[in-house]
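Remember, it's 1-based here, ligands and their atoms both numbered in the order they're listed.
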Amino acid sequence: MNVLIFGATGGIGAATARAFAQAGATLTLSGRDEARLQALAGELGAQARPADLGYESHVRALFEELPAPLDTLVYAAGAAHPEPLAGADPAQVRAVWNANYFGALWVLKHGLGRLNAGGRVYLLGARPELVTARGFTQYAASKAALARAAEIARLEHRGLELTLVLPPAVDTGLWTQVGRVPRGALAAGVVAQAIVANCGGPAQAELRVEG
Ligand SMILES: NC(=O)c1ccc[n+]([C@@H]2O[C@H](COP(=O)([O-])OP(=O)(O)OC[C@H]3O[C@@H](n4cnc5c(N)ncnc54)[C@H](OP(=O)(O)O)[C@@H]3O)[C@@H](O)[C@H]2O)c1
């Protein structure tokens, strides 16, 4: 099984890479932090393909250079950078939309054609009821845009097995952008195991991971 994971240098992405490696998958891992990416790829015997998902050219090149078609594609990149709307900083806004929306757009644009028949796509989304909170304008809006884009991708690609993964809070480095990890946050491994288990069963539009 050939699996490509974006955001593999992050908490959920790295845990998902480890879970797929344990299941015997052949892995290609992508992230921006080259040192962390190479270390994880070395540990798991995976290919490392650094890319900044804000650039369509990086994503296009990554898919053009893939040696083999994919069975599973996981999009686990993301950013939160909360700030009040009145003080929205253009660089932070762009960072959030690049990670949560534009990167996924380029991955769907260039990646869907590289999937084997019956191939699976997992996009990490967010539960609207959990992210409609002060400071989260860009995070909530970009995740809503991602969910709508996922619906339309299914309409445009008949038979596309695309699952929006909706975890509650998960204990990862993402929360360093917020200040503190919420009490009761799940371990990233729980999300990873849910994705790998889901991959072995029938595809669903949404995967609501529970503790
Ligand atoms: N943690 C939670 O509570 C939670 C809950 C629900 C959904 N989610 C979603 O789950 C996904 C994974 O989150 P996480 O908690 O694992 O976050 P994380 O640990 O902060 O990891 C974020 C990942 O996104 C990558 N990334 C960000 N901007 C990028 C860019 N421009 N180009 C390439 N890679 C970029 C980071 O790469 P580098 O570090 O290499 O730059 C890192 O691999 C996100 O979509 C997040 O919104 C998280």
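Through direct or relayed side-chain contacts under 4.5 Å between Ile, Leu, Val, Met, Phe, Trp and Tyr, Y55 connects to no other residue.
For E43, the side-chain hydrogen bond (donor to acceptor under 3.5 Å, both in side chains) partners at least two apart in sequence or on another chain are R18.
The shortest heavy-atom distance from A169 to ligand 1 is under 4.0 Å. Within the 4.0 Å heavy-atom shell around ligand 1 one finds G125.
In terms of protein heavy-atom proximity, atom 12 (C) of ligand 1 is nearest to A76 O, 3.1 Å. Of all protein heavy atoms, the one lying nearest to atom 21 (O) of ligand 1 is G10 CA, 3.2 Å. When hydrogens are left out, the protein atom nearest atom 17 (O) of ligand 1 is L174 CB, 3.6 Å; that is the closest non-hydrogen contact. Looking only at protein heavy atoms, the nearest one to atom 34 (N) of ligand 1 is L53 CD1, 3.7 Å. Closest to atom 15 (O) of ligand 1 among all protein heavy atoms lies T172 OG1, 2.5 Å. Closest protein heavy atom to atom 35 (C) of ligand 1: R32 NE, 3.9 Å. Looking only at heavy atoms of the protein, atom 47 (O) of ligand 1 is closest to Y139 OH, 2.5 Å. Summary of contacts: the protein heavy atom closest to atom 48 (C) of ligand 1 is I12 CD1, 3.8 Å.
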Show the numbers, then the answer: is there a side chain to side chain donor-acceptor pair (under 3.5 Å) between D71 and N116? CA-CA 6 Å; D71 300 298; N116 281 321; 3.0 Å; yes

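Using a 3.5 Å distance cut-off with no hydrogens or angles, the side chains of E56 and H110 do pair a donor with an acceptor.
Under a 4.0 Å N-O distance rule, the pair E129/K143 does not qualify as a salt bridge. Salt-bridge check for R49 with E64: failed, with every basic side-chain N at 4.0 Å or more from each acidic carboxylate O. For E151 and R154, the salt-bridge test fails: no basic side-chain N is under 4.0 Å from an acidic carboxylate O.
A donor-acceptor pair is defined here as one N or O able to donate and one able to accept, closer than 3.5 Å; such a pair exists between the side chain of R114 and the backbone of F63. A donor-acceptor pair is defined here as one N or O able to donate and one able to accept, closer than 3.5 Å; no such pair exists between the side chain of Y75 and the backbone of F6. A side-chain donor-acceptor contact under 3.5 Å links H58 to the backbone of D52. No donor-acceptor pair closer than 3.5 Å links the side chain of Y122 to the backbone N or O of I5. Checked by atom type and distance alone, the side chain of N2 never pairs as donor or acceptor with a backbone atom of A68 at under 3.5 Å. The backbone N or O of V121 lies less than 3.5 Å from no partner atom in the side chain of E161, so there is not a single donor-acceptor pair. Using modelled atom types, no side-chain atom of W97 and backbone atom of G103 make a donor-acceptor pair closer than 3.5 Å.
Geometrically, ligand 1 and D33 share a nitrogen or oxygen pair separated by less than 3.5 Å. Taking only nitrogen or oxygen atoms, main chain and side chain alike, V170 reaches within less than 3.5 Å of ligand 1. For R36, no nitrogen or oxygen atom sits less than 3.5 Å from a nitrogen or oxygen atom of ligand 1, counting backbone and side chain alike.
Nearest residue to atom 22 (C) of ligand 1 from A79, A95, G78, A104 is G78 (criterion: closest heavy atom). Distances from atom 18 (P) of ligand 1 to the heavy atoms of A77, G11, P168, A126 put G11 nearest.
Here D52 has heavy atoms under 4.0 Å from ligand 1 in both its backbone and its side chain. The residue F6 has no part lying near ligand 1, judged by heavy-atom distances below 4.0 Å. Proximity of A51 to ligand 1, defined as any heavy-atom pair under 4.0 Å, is confined to the backbone N, CA, C and O atoms. Here K143 has side-chain heavy atoms under 4.0 Å from ligand 1, and that is the only part of it that gets that close.
Of all atoms in ligand 1, listed by their number and element, those nearer than 4.0 Å to a heavy atom of P167 are 6 (C), 7 (C). Numbered from 1 in the order shown, with element, the atoms of ligand 1 that lie under 4.0 Å from a heavy atom of T9 read 36 (C), 37 (O), 38 (P), 39 (O), 40 (O), 42 (C), 43 (O). Each of the atoms 43 (O) of ligand 1 lies under 4.0 Å from some heavy atom of G7. Of all atoms in ligand 1, numbered sequentially from 1 with element shown, those under 4.0 Å from a heavy atom of A99 are 27 (C), 28 (N).
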